[in-house]
**Q** 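Starting off with a structure, shown below.
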Amino acid sequence: MEEDSIKGIKGWLLVYLIGSIFLLIMYSIGLSGWFFEYPFILMVIIFFVLAIPLWLIMLKSPKAPQWNISMWWTIVVLMTLRSISVFLEPGGKEMNIKEMLSVALTLLIIVSISLAWAIIWTKYFKKSRRVNNTFC
């Protein structure tokens with residue numbers, strides 16, 4: 001009976017899904033602005049592509065944990081590269097030191113959040129009994 005109580009999309013797994021949706025919205029906005037001027041349709045497409053691993057959780061696919069771990073580490077790399085590109089854009093706005101520090105701090109926070117999220121949920125997906133019971 002105890003095994004059934006730690007199976008399914010409940011508890012921390014539900015927190016993960018809800019929190020991930022919010023973060024994926026933010027990241028899809030940031031990534032859509034990498035080469036274009038933040039077109040809405042591109043934001044939506046990026047969001048849906050990034051959300052595929054979340055759908056795998058809802059479908060209880062056995063590969064869902066691995067796909068979600070891979071997705072978050074890919075996002076860490078992409079957001080790091082996106083953040084660096086802000087300072088390397090040709091023809092970009094000239095910034096004084098105060099503006100540059102402000103932008104750098106904001107980007108550091110964004111990258112740090114994506115890194116922390118990836119570390120926390122990688123550990124959860126690898127060690128959680130609920131994940132093991134739900135997807136294995």
Side-chain angles (χ1 to χ4, degrees):
M1 185 69 173
E2 187 176 318
E3 289 296 314
D4 288 339
S5 68
I6 56 170
K7 187 174 183 178
I9 314 298
K10 300 175 191 161
W12 287 109
L13 201 50
L14 187 57
V15 170
Y16 167 76
L17 287 171
I18 294 167
S20 292
I21 290 169
F22 172 73
L23 286 174
L24 289 180
I25 290 169
M26 287 188 353
Y27 295 143
S28 63
I29 292 168
L31 292 172
S32 72
W34 202 338
F35 300 105
F36 304 105
E37 292 298 318
Y38 301 98
F40 180 75
I41 190 68
L42 184 58
M43 288 179 211
V44 171
I45 291 169
I46 290 171
F47 172 78
F48 281 117
V49 168
L50 293 176
I52 290 171
L54 299 180
W55 283 111
L56 293 176
I57 287 177
M58 299 300 291
L59 297 172
K60 296 182 183 174
S61 168
K63 296 288 185 184
Q66 293 88 356
W67 276 100
N68 278 269
I69 291 168
S70 297
M71 173 200 46
W72 285 111
W73 287 103
T74 301
I75 287 174
V76 167
V77 171
L78 288 174
M79 292 311 295
T80 301
L81 292 173
R82 172 66 175 117
S83 297
I84 291 168
S85 76
V86 167
F87 297 103
L88 302 176
E89 290 176 356
K93 177 187 165 208
E94 291 292 325
M95 293 186 272
N96 63 37
I97 191 70
K98 189 175 179 180
E99 291 171 328
M100 193 175 285
L101 287 173
S102 176
V103 169
L105 181 59
T106 301
L107 296 174
L108 179 62
I109 290 169
I110 291 169
V111 170
S112 297
I113 289 170
S114 62
L115 181 61
W117 196 259
I119 290 169
I120 290 166
W121 294 108
T122 296
K123 288 182 179 184
Y124 177 78
F125 279 117
K126 289 188 175 195
K127 297 184 187 255
S128 168
R129 283 179 45 204
R130 178 176 299 280
V131 169
N132 191 43
N133 290 344
T134 302
F135 300 104
C136 295

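Below, each value reflects all heavy atoms present in this structure, side chains not excepted, and no hydrogens, waters or symmetry copies. No experiment lies behind these values; they were computed from the predicted model shown.
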**Q** Given side chains that start at C-beta, do those of R82 and I110 come closer than 4.5 Å, heavy atoms only?
**A**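 No, side chains not in contact.
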
**Q** Say whether M26 and V44 are linked into one hydrophobic cluster, either directly or through other cluster members, by side-chain heavy-atom distances under 4.5 angstrom.
**A**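 Shared cluster, yes.
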
**Q** Output the distance between atom NZ (K123) and atom CD1 (I69), rounded to the nearest 0.5 Å.
**A**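 Going from NZ on K123 over to CD1 on I69, the span is 12.5 Å.
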
**Q** Flag the pair I75 / L23 as yes when at least one side-chain heavy-atom distance between them is below 4.5 Å, and no otherwise.
**A**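 The answer is no, as the side chains (C-beta and beyond) never meet within the 4.5 Å cut-off.
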
**Q** Side chains of L56 and F135: does their closest heavy-atom pair fall under 4.5 Å?
**A**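 Side-chain contact under 4.5 Å: no.
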
**Q** Same hydrophobic cluster for V77 and V49, using side-chain heavy-atom links shorter than 4.5 Å among ILVMFWY?
**A**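 Shared cluster, no.
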
**Q** Could you check whether any side-chain heavy atom of S20 comes within less than 4.5 Å of a side-chain heavy atom of W72, counting everything from C-beta outward?
**A**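 Sidechains of W72 and S20: in contact.
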
**Q** On a heavy-atom basis, which atom in L115 and which in W73 lie closest, and how many Å separate them?
**A**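 Taking L115 first and W73 second, the nearest heavy atoms are CD1-CZ3, 3.6 Å.
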
**Q** How far apart are the closest heavy atoms of S32 and P39, and which atoms are they?
**A**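 Here S32 and P39 meet closest at O-CD, 3.9 Å.
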
**Q** According to the interplanar angle, ranging from 0 to 90°, do the rings of W12 and W121 count as parallel (below 30°), tilted (30 to 60°) or perpendicular (above 60°)?
**A**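 If you compare the ring of W12 with that of W121, the planes turn out tilted.
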
**Q** Nearest heavy-atom pair of V111 and S83: which atoms, and what distance?
**A**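 Heavy atoms of V111 and S83 come nearest at CG2-OG, 3.4 Å.
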
**Q** If I take atom CG from residue L17 and atom CD1 from residue I57, how far apart are they, to the nearest 0.5 angstrom?
**A**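 So the gap between those two atoms works out to 5.0 Å.
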
**Q** If you compare all heavy atoms of L24 against all heavy atoms of A51, which two are closest, and at what distance to 0.1 Å?
**A**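 Heavy atoms only, the tightest pair is CD1-CA, 3.9 Å.
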
**Q** Under a single-linkage definition using a 4.5 Å side-chain heavy-atom cutoff for Ile, Leu, Val, Met, Phe, Trp and Tyr, are F22 and M58 assigned to the same hydrophobic cluster?
**A**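 F22 clusters together with M58.
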
**Q** For a quick test of reading the model, state the closest non-hydrogen atom pair linking V76 to S114 and the distance between them.
**A**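 Closest pair (atom of V76, atom of S114, distance): CG2-O, 3.4 Å.
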
**Q** Taking it one step at a time, do M79 and L31 satisfy side chain to side chain contact (heavy atoms under 4.5 Å, CB included)?
**A** CA-CA 8 Å; M79 292 311 295; L31 292 172; 3.9 Å; yes

**Q** Could you name each residue pair satisfying side-chain hydrogen bond (donor to acceptor under 3.5 Å, both in side chains) that touches residues 47-67, not counting sequence neighbours?
**A**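 Of all non-adjacent pairs touching residues 47-67, none passes side-chain hydrogen bond (donor to acceptor under 3.5 Å, both in side chains).
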
**Q** Just wondering, do M71 and T74 contact through their side chains at under 4.5 Å, heavy atoms?
**A**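 A side-chain contact under 4.5 Å is absent here.
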
**Q** Counting only N and O atoms by type, is there a donor-acceptor contact under 3.5 Å from the side chain of S128 to the main-chain atoms of F125?
**A**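 No; judged by distance alone, with no hydrogens or angles, the pair does not exist.
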
**Q** Could you grab the distance from atom CD1 of I45 to atom CG of L50, nearest 0.5 Å is fine?
**A**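 Reported value, rounded in 0.5 Å steps: 12.0 Å.
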
**Q** Give the cluster check for I21 versus I52: same hydrophobic cluster or not, with ILVMFWY residues linked at side-chain heavy-atom distances below 4.5 Å.
**A**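 Unlinked, I21 and I52 end up in two clusters.
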
**Q** Give, for atom CD1 of I46 and atom OH of Y27, the distance between the pair rounded to the nearest 0.5 Å.
**A**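 Here the interatomic distance stands at 14.0 Å.
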
**Q** What distance separates L107 CG from S112 OG, expressed to the nearest 0.5 Å?
**A**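 Spacing of CG (L107) from OG (S112) equals 10.5 Å.
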
**Q** Just verifying a value: how many Å separate F47 CZ and I25 CD1, rounded to the nearest 0.5 Å?
**A**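 Rounded to the nearest 0.5 Å, the CZ-CD1 separation comes out at 5.0 Å.
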
**Q** Between L13 and I120, is there shared hydrophobic-cluster membership here, with clusters defined by ILVMFWY side-chain heavy atoms closer than 4.5 Å?
**A**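 Yes, it is one cluster - the side chains of L13 and I120 are joined through contacts under 4.5 Å.
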
